[in-house]
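Worksheet: the structure to be examined is printed underneath.
Residue numbers start from 1 in every chain, and the chains themselves are labelled A, B, ... in the order their sequence lines are given, proteins ahead of strands.
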Amino acid sequence: MAVLLLAPNLILLVVFTYRPLLDNIRLSFTNWNISSPTAQYIGFDNYVEWAGRPDSWKILGITLVFTVATVAGSMVIGLVMALVLDQNLRGRGLVRSLVFAPYVISGAAIGVAFQFVFDPRFGMIQDLLARVGLDSPNFYQDPDWALFMVTSTYIWKNVGYVFVIYLAALQGRRIELDEAAQIDGTGPFRHFFRIVLPQLRPTTFFLSVTVLLSSVQVFDIINVMTRGGPMGNGTTTMVYQIYQETFVNSRAGYGATVATIMFVILLVITVIQVRFQDQKD
Amino acid sequence: MMTRLSARRLMTGAATLSIAALALTACAGTGGAPTSEAADTGSAEKIVFWSNHPGSSKDIEEEIIAEWNEENPDTPVELVDAGANYEEVAQKFNASLAGGDLPDVVVASDVNWFNFAMNDNFAEMGPLWESQDVESDDLVDTLRDDYEFNDEHWAMPYARSTNLMYVNDQIFEEAGLPAEGFETWQDFAEAAPALKEVTGDDPVLVIPDGSNYLDWYFQGMIWTFGGAYSEDWTATFTQPESIEAGEFLQEMVQEGYIEISNDAVNTFGVGSAGALLESTGSLGGLEETAAMDFTTVYLPGPTPGAATGGAGLAIPSGISEERQANAVRFIDFLTNTDNTVKFSQATGYMPVRKSALEHPDEVAFLEENPNAMTAIEQLNENTQPQDAARVLVQGGGARIGGALDEITTGGADVTEVFTRLEEETQEIIDRDIKPKLDQQ
Amino acid sequence: MARSTLFASKPSVTPGTLFGYASMVVIAAIVLVPIAFILLTSLKERPDIYTEPVQWIPDPFTAENYATVIDDVPFIRYFLNSLLITTVLTVVQVVLGIITAFALVFLHYPGRRIVFLFVIASLMVPNQVTVISNYALVAELSWRNTFAGIIIPLAGVAFGTFLMRNHFASLPREIVESAHLDGTGPFRLLFRILLPMSWPTVVAFTLITIVTEWNQYLWPFLMADTASVAPLPVGLTLLQNNEGSTNWGPVMAGTILTMIPILIVFLILQKQMIKGLTAGAVKG
């Protein structure tokens, strides 16, 4: 019975995700040039190179900043939006769609639309700052501001996802507890922290895992807005590095190494998250 | 509900699963890359053409293909949308190299073709030209020889561009300068203060940043100082002339004369810069959108001061000889005199045939469009093939672009940045390229 | 039918609801501005897209960009392809996600947790890593340029399995136990008891899946050679220029046209979230 139910999905995952992953791990021990029909096994050379290269650590740091900021940012904002739009307000259906809309837009369109937000010449921020006599930071050429730009853009896009999942959880909550709280006359903030948030904990756990895994893999927005620049790798995250090494620099073996390292890091983090959640249960 | 999981058990579980999956992979066959050369399963009864339609050329490509299909009903061409840009075409072609289903003709950009040629993924053109009577002498020499390596040609020029200087007529007039461009970059530096008085807070010249191919525009500038990115297979960023060019660019940026921009075309287009360095490919767009009159001029010399770019057409080596013969006949047709005239007029790319320049339609067109003429004249007088460190070394463009960002907007020390750049570039050449060259 | 809310239970005017409306307006504004820019750009003539200072309101308004999208690109063809691919993938993934999650929570067998970890871990593999290998496999099967080649490799579901498993695990145990006592079979348990209590989550799962599949780019791009199977995101790249300057008007128009169907689906489905809750509450 269990086998029957599990088999179709697991087979698909094994064939189309795990088989390529293992292939990838195998290739990480080679010097494969993506266009070459052959490759030599070179042991741990790629891993040694990775550990010794300064850009590896820089990119790891950028990935960390980007990921932590997007996970925290989109989860807090998404939860607030879900709480507001969970209420019985007129017009909430439309506003809900609106909040969801950025999640639907393609990376290419977002890149252009946000040029009109961030561009130091054509952008809205520049316009607003100029009104109060301030100069706009150069979001495209200062690496720190560029990272801020892609991070906030991704949060804007991803909030719709967090919002929908939280909204579903709020809608599916057991109501009795709220009613009990109302009888007790608990204030709204106390109510939120004492009753709502604990009820949402499985959802929060789920989101912390999935948002982390999806923001680590952001590609479109970076590719369209900065191509990993400025200064060469100012907004290069690990997935962008994998793409760059594999398909632009043609060093598919080294790209596979970065991918394997990233997989291991994510696996460890997720195991810790899962364990943390279990301890609380 | 969930029972407790210990980290140890999870890890053991993960290990068990990996082994299980590994076993499954072994059963499922390789399926992955790199494999032995994928068998050629394609049919010689059609010609599959992978294009990203450079310069929004899908319509004109279809028109030319329709003509071909009428004349060659036995070998019709199937046009495939193979990507939004050159990088995507290369990605798709790489996938087909590993997995099969090779096309007959594929677009390859100036920075992509070499890695394919070096790995013998492209067929040599010489023997095909000979067997199919292609007049390769009629191809514009510089453009044809851009694809030369090991005394052999690996692609044919197709959508070829060069960089141009676009000049804002009004700003130059107000500064009392003719809209003619500059003999040298020193002349530019001398004229810059007068232009700056007109532009005020805006820059005299705007150039795309390192994420938008600053490395391509700087290629010409570094030559005019006597420097280069590389000579043969030796990186030459730290030779004094190269450093001087870098310091010149840095100084111009710091003085506010040159601006490095994420959106140079539109900055110029709205009239916020005296001049612009951009590809010939932007000519059509600017003519449609620019808020003012502008003129295209050569990049400053001494000659050569500009690089060529764009893309060519190549034929995979992994397809049958019959398919290769069909493919080269089709490329020859696609770039014959009449079609070159059509294509270059529709897209703004340069004509790749010498004979096209004498074609009456082209002569008339160029008379009416002097801005298009600039590129063609400059091609003969002010260009040479790019340095290996940018176009042949994998990832060279992005690497140099990032370094140029550092010295311009980042204000970093030129010698320091160029020294690191030289070391990185040389390391890649020695590790990834030289061993392959030695094999051949 | 009183809806539970955080701040108030009746839609009467209280400080809570006023605060709610104010927050709603702020949220709408933040989200709206960039979207408004996309919409307004899609209605501008080309020279008006970049101006200094920035011109927000198109002058004149033009629908020409929309005409360009429909005329220059076989839009309807791509749209239908997208519709087919998304529908099939969504149905398959929602079904697979629910039954996998069910088996992970309510059935007993050894290695259950490992299977769960196995599912989650597949979310850690970026598609840049899988495409080359999968391309080779699909090409070997001669599935390139077919719907099967696009759909099947994308059909495995990890995200939804995780979401549904998490939800099932949070349901009150007593319900399941009483069902067992009544001798309810597993299918009856799933369809009669569990799913009616789970509509909001199933709807969220469906919505996220629709969006993900509707926007798939890299894989369909590698698989599809012709308009006969390529979905919208692949088709619309034709509007971008490769070298030189893209005319962004049609690209933005294409984006709006791609987005609208999904937002309509969202508007319809988000209402189901509430209905689902009340139905579930009655049963429970």
Side-chain angles (χ1 to χ4, degrees), chain A residues 1-2 5-6 8-9 12-13 16-17 19-21 23-24 81 83-84 86-89 93 95-106 108-109 112-114 116-117 121-122 127 161 164-165 168 171-172 175 178 188 192 196 202 206 210 213 217 239 242-243 246 259 263 266-267 270, chain C residues 3-7 11 20-21 23-24 27-28 31-32 34-35 37-38 50 54 96 99-100 102-103 107 109 115 120-126 128-130 133-134 153 155-157 159 162-163 166 170 200-201 203-204 207-208 211 215 233 248 252 255 259 262-263 266-267 270 273-274 277:
Chain A
M1 174 75 191
L5 292 180
L6 290 171
N9 196 18
L12 285 168
L13 291 177
F16 295 109
T17 305
R19 188 188 47 81
L21 175 68
D23 216 23
N24 177 77
M81 288 181 173
L83 287 169
V84 170
D86 181 47
Q87 294 178 78
N88 205 354
L89 302 172
V95 180
R96 281 176 181 175
S97 315
L98 198 59
V99 172
F100 192 65
Y103 187 62
V104 183
I105 301 174
S106 74
V112 181
F114 274 78
F116 291 102
V117 176
R121 191 174 294 275
F122 303 107
D127 191 54
Y161 165 74
V164 163
I165 303 288
Q171 300 272 335
I175 303 164
D178 285 342
F192 170 71
V196 181
F206 167 80
T210 53
L213 294 180
Q217 292 173 35
V239 161
I242 294 168
Y243 163 79
T246 308
F263 180 79
L266 291 177
L267 190 64
T270 307
Chain C
R3 273 284 300 116
S4 141
T5 68
L6 180 52
F7 298 103
Y21 279 111
S23 319
M24 200 162 84
I27 290 170
V31 177
L32 191 65
I35 293 182
F37 222 108
I38 294 176
Y50 287 93
V54 175
L96 286 182
I99 61 173
T100 314
F102 178 76
L107 301 180
Y109 48 91
V115 174
I120 298 188
S122 71
L123 287 169
M124 298 167 199
V125 187
Q128 280 83 359
V129 167
T130 57
S133 196
N134 282 339
V157 52
F159 152 81
F162 186 11
L163 180 67
N166 215 38
S170 73
T201 308
V203 168
L207 277 170
I208 302 289
V211 172
N215 285 332
W248 289 110
M252 297 297 126
T255 302
M259 192 166 76
I262 303 294
L263 292 185
F266 181 91
L267 262 177
Q270 61 99 15
M273 281 187 173
I274 303 162
L277 175 92

Requested in this report: Kindly indicate whether the side chain of Q270(C), heavy atoms from C-beta on, has any atom under 4.5 Å from the side chain of V164(A).
Outcome: no
Requested in this report: Go through the steps to decide whether L6(A) and L107(C) satisfy the test side-chain contact (heavy atoms from CB on, under 4.5 Å), and finish with yes or no.
Outcome: CA-CA 11 Å; L6(A) 290 171; L107(C) 301 180; over 6 Å; no
Report summary line: All heavy atoms of I35(C) vs all of A101(A), minimum pair found to be CD1-CB, 3.6 Å
Query raised in the report: Any side-chain heavy atom of I165(A) within less than 4.5 Å of one from I208(C)?
Result: yes
Query raised in the report: Highest number of heavy-atom pairs under 4.5 Å with chain C: which of L12(A), N24(A), L89(A), T17(A)?
Result: L89(A)
Query raised in the report: Between atom CG of L263(C) and atom OG of S97(A), what is the distance when rounded to the nearest 0.5 Å?
Result: 6.0 Å
Query raised in the report: Can you list the residues that meet the side chain to side chain donor-acceptor pair (under 3.5 Å) rule with N166(C), with sequence neighbours excluded?
Result: none
**Report entry** chain A contact via V211(C) - which portion, at a heavy-atom distance below 4.5 Å
**Finding:** side chain
Report summary line: Sorted by chain and number, sequence neighbours left out, ring pair (Phe, Tyr, Trp, His ring centres under 6.0 Å) with F102(C) holds for F106(C)
Report summary line: On a heavy-atom basis, the closest approach of Y103(A) and N215(C) is O-ND2, 4.1 Å
Query raised in the report: Can you name the closest pair of heavy atoms from I242(A) and P126(C) and give their distance?
Result: CD1-CG, 4.5 Å
Query raised in the report: Side-chain contact, heavy-atom cut-off 4.5 Å: L207(C) with F100(A)?
Result: yes
Query raised in the report: Does the side chain of F263(A) reach to within under 4.5 Å of the side chain of V129(C), using non-hydrogen atoms?
Result: no
Query raised in the report: Looking at F114(A), Y243(A), Y161(A), which one has more heavy-atom pairs under 4.5 Å with chain C than the rest?
Result: Y161(A)
Query raised in the report: Is it the side chain or the backbone of L123(C) that comes within 4.5 Å of chain A heavy atoms, both, or neither?
Result: both
Report task. Go through the atoms of M124(C) and report whether side chain, backbone, both or neither lie under 4.5 Å from a heavy atom of chain A. Result -> both
Query raised in the report: Under 4.5 Å between any side-chain heavy atoms of V31(C) and P102(A), yes or no?
Result: yes
Query raised in the report: Given that the side chain runs from C-beta out, which part of N9(A) has a heavy atom under 4.5 Å from chain C: side chain, backbone, both or neither?
Result: both
Report summary line: With chain A, the option among A204(C), P233(C), S23(C), A121(C) that has the most non-hydrogen atom pairs under 4.5 Å is A121(C)
Report summary line: Minimal heavy-atom distance between L5(A) and A103(C), with the atoms involved, is CB-CB, 3.9 Å
Query raised in the report: A113(A), P202(A), P8(A), A259(A): which one forms the most heavy-atom pairs within less than 4.5 Å of chain C?
Result: P202(A)
**Report entry** Residue among I262(C), I120(C), V157(C) with most heavy-atom pairs under 4.5 Å to chain A
**Finding:** V157(C)
Query raised in the report: Under a 4.5 Å cut-off applied to non-hydrogen side-chain atoms, are F162(C) and L213(A) in contact?
Result: no
Requested in this report: Side chain from CB out, backbone as N, CA, C, O: work out which of these in T100(C) comes under 4.5 Å of a heavy atom of chain A, or both, or neither.
Outcome: both
Query raised in the report: Is it the side chain or the backbone of F37(C) that comes within 4.5 Å of chain A heavy atoms, both, or neither?
Result: side chain
